[in-house]
Amino acid sequence: GVRPAFPDNQPRIMTGDGYIYVNGLYRHGFLLAPVLAELTADYLETGDSSAEVFVADCSQRREPPD
């Protein structure tokens, strides 16, 4: 039951502590990676974090308890 995805299977871009985390790609990462890379580059250039995959709170990196 361990896989590199979040419980809702949605990818996320999170920022905090001077880092940018791009996680949750799981099986179809090769299809999603170019779009997430573009969103990350736009964030670095313009600061735009309005896309649905951006999460402001890094504590969401942890899986919620059952």
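Only this structure's heavy atoms are used, side chains among them; waters, hydrogens and symmetry mates stay out. Throughout, numbering of the chain's residues begins at 1 and tracks the sequence.
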Under 4.5 Å between side-chain heavy atoms, hopping through other hydrophobics if needed: is there a path connecting Val55 to Val35? no
Test of understanding: clusters of I, L, V, M, F, W, Y form through side-chain heavy atoms closer than 4.5 Å, transitively. Do Ile13 and Tyr21 belong to the same one? no
Rounding to 0.5 Å, atoms OG1 (Thr40) and CD (Glu45) come to a distance of 11.5 Å
dist Ile20:CD1 -> Ser49:OG (nearest 0.5 Å) comes out at 10.5 Å
Would you check if the side chain of Asp8 reaches a backbone N or O of Gln10 as a donor-acceptor pair within less than 3.5 Å? yes
Hey, are the side chains of Pro11 and Val22 touching, using non-hydrogen atoms and a 4.5 Å cut-off? no
Would Arg12 count as a cation-pi partner of Phe54, with NZ or CZ less than 6.0 Å from the six-membered ring centre and within 45° of the ring normal? no
Joint cluster assignment, Val53 & Leu25, ILVMFWY side-chain distance < 4.5 Å: yes
Under 4.5 Å between side-chain heavy atoms, hopping through other hydrophobics if needed: is there a path connecting Leu31 to Leu39? no
For Ala37, enumerate each residue passing the side-chain contact (heavy atoms from CB on, under 4.5 Å) test, keeping only those at least two apart in sequence or located in another chain. none
Asp48 and Ser50: CA distance, side-chain angles, deciding distance, side chain to side chain donor-acceptor pair (under 3.5 Å) verdict: CA-CA 6 Å; Asp48 180 24; Ser50 62; 2.8 Å; yes
